[in-house]
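First up is the structure itself, then whatever we jot down about it.
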Amino acid sequence: MGTIPRNRTSSELYEEDNLGFGKIFTEHMLTMSYSTSAGGWSEPEIKPVEHLVLHPATMVLHYGQQVFEGLKAFAGRDEDDILLFRPDMNISRFNKSCARLCIPPVDPALFMDRMSELIRKDRDWIPRSPGTSLYVRPTVIATDPFLGVRPSNDYLFYIILSPVGAYYPEGFAPVKILVTDKYVRACPGGIGEAKTGANYAASLFAAEEAHCEGFTQVLWLNAVDRVSVEEVGTMNIFFRIEDEVITPSLGGTVLPGVTRDSVIKLAADMGYKVTERTISMEEVVAAVRKGTLLEMFGSGTAAVVSPVSHFRYQGVDYMVGNGETGEVAGKLFDEITGMQTGARPDPHGWIVNIGAQ
Ligand SMILES: *Cc1c(COP(=O)(O)O)cnc(C)c1O
């Protein structure tokens with residue numbers, strides 16, 4: 001580990017064991033612009049990464065009309081493999097988020113084709129050490145220079161790439177989370193199920209408070225009842241109570257995670273009973289007291305599976321299981337990362353190899 005692979009060309013050479021998350025970027029980006037007056041999207045263009053030049057009135061900077069996605073490309077076992085994990089789900093979620101934010105959709109086949117081309121162009125930037133990957137960030141922003149409130153007429157779609165290591169500096173070590181009944185992330189009828197920057201803006205204050213108190217993330221509760229669980233920070237959440245693996249139902253306020261969907265299917269494959277249903281903090285606390293809350297973990301592309309060892313709720317601290325990474329979380333992490341890197345079989349046909357050209 002620690003050295004530069006193959007023929008990486010950029011001056012921004014990096015050490016693979018010190019990548020962090022989202023700090024460095026590859027040489028190329030893809031851009032495509034939408035113009036209502038021109039009647040649609042331009043041809044996508046792949047070019048060296050450059051700064052965006054935006055008028056200070058640009059709508060996204062004022063009213064947040066924006067959508068993004070996040071997926072990873074992995075080096076496979078063969079030199080030429082470039083493996084993506086369920087990219088069709090990211091692309092369809094992108095268009096669903098766009099619909100909610102009044103942004104025109106991008107043709108899914110074109111999206112997949114040109115995104116793959118971009119990744120192949122910067123393929124030498126895909127890190128190869130265990131736990132590393134090339135993070136892919138498709139984004140669309142409203143570009144009209146206009147201060148009135150309405151959907152923009154013009155948009156910029158772009159994709160940038162960032163070699164990443166583990167999302168949490170702690171690695172796969174379990175995290176402590178703060179359950180908040182004071183702040184909410186999303187409410188019914190809102191934009192909670194769309195992957196848009198505004199949801200993150202809304203979450204920062206609570207996350208900062210949690211960090212100050214020594215917690216890694218916030219566990220969000222339902223905005224209306226303030227007891228049923230929704231999701232954790234930037235991840236979906238799972239509980240294992242005895243042999244039932246439970247995750248909150250989607251229902252509009254929870255982000256429909258690709259990892260969440262994969263965990264549901266893989267845990268079922270492993271023989272666990274998996275349930276999507278309402279789960280309240282009362283049930284979670286009761287399970288801790290009875291000793292039946294064996295595991296709690298978050299799921300998301302960045303961290304894959306992130307075990308929770310402790311949580312604080314209404315001023316009381318609780319330990320999950322024995323405070324260590326549980327069996328299901330460990331197995332899922334190994335299974336998903338194994339598939340993603342081509343080391344394990346892919347029975348669901350989730351892996352797309354875009355390496356050959
Ligand atoms: C992206 C995201 C997730 C996880 O989705 P994945 O597709 O699994 O990466 C969960 N919650 C929120 C709020 C998100 O933005």
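Here the structure is a predicted model, which is why all the values come from computation and not from measurement. Start at 1 and go down the list; that is how both ligands and their atoms are numbered.
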- Query: Any idea which protein heavy atom is nearest atom 11 (N) of ligand 1, and the distance to it?
  - Reply: E231 OE1, 2.5 Å

- Task: Indicate yes or no for a side-chain donor-acceptor contact from S152 to the backbone of D154 under 3.5 Å, with no hydrogens or angles considered.
- Result: yes

- Task: May I ask you to list the residues sharing a hydrophobic cluster with L178, side-chain cutoff 4.5 Å, ordered by chain and number?
- Result: F215

- Using a 4.5 Å cut-off on heavy atoms from C-beta on, say whether the side chain of F157 contacts that of T31. no

- Query: How does M235 reach ligand 1, by side chain, by backbone, by both or by neither, if only non-hydrogen atoms under 4.0 Å count?
  - Reply: backbone

- Could a heavy atom of R185 be found less than 4.0 Å from some atom of ligand 1? yes

- Nearest non-hydrogen protein atom, atom 9 (O) of ligand 1: T301 OG1, 2.6 Å

- Item | Which of the ligand 1 atoms, numbered from 1, are nearer than 4.0 Å to a heavy atom of Y200 | 12 (C), 13 (C), 14 (C), 15 (O)

- Examine G233 against ligand 1 and note whether any of their N/O atoms are separated by less than 3.5 Å. no

- Is any side-chain heavy atom of V227 less than 4.5 Å from a side-chain heavy atom of N222? no

- If you compare T196, T234, V232, L71 by their heavy atoms, the one closest to atom 10 (C) of ligand 1 turns out to be T234

- Mark up the atoms of ligand 1 that fall under 4.0 Å of a heavy atom belonging to R93, in ascending order. 5 (O), 6 (P), 7 (O)

- Query: Under the ring pair (Phe, Tyr, Trp, His ring centres under 6.0 Å) test, which residues partner F333, sequence neighbours left out?
  - Reply: F172

- Give the residue, atom name and distance (to 0.1 Å) of the protein heavy atom nearest atom 5 (O) of ligand 1. G257 CA, 3.4 Å

- For ligand 1, is any non-hydrogen atom under 4.0 Å from T259's backbone (N, CA, C, O), its side chain (CB onward), both, or neither? both

- Item | Top protein contact for atom 1 (C) of ligand 1, by heavy-atom distance | K195 NZ, 1.4 Å

- Task: Indicate yes or no: does an N/O atom of N236 lie under 3.5 Å from an N/O atom of ligand 1?
- Result: no

- Taking only heavy atoms of G300 into account, list the atoms of ligand 1 that are under 4.0 Å away from them. 4 (C), 8 (O), 9 (O)

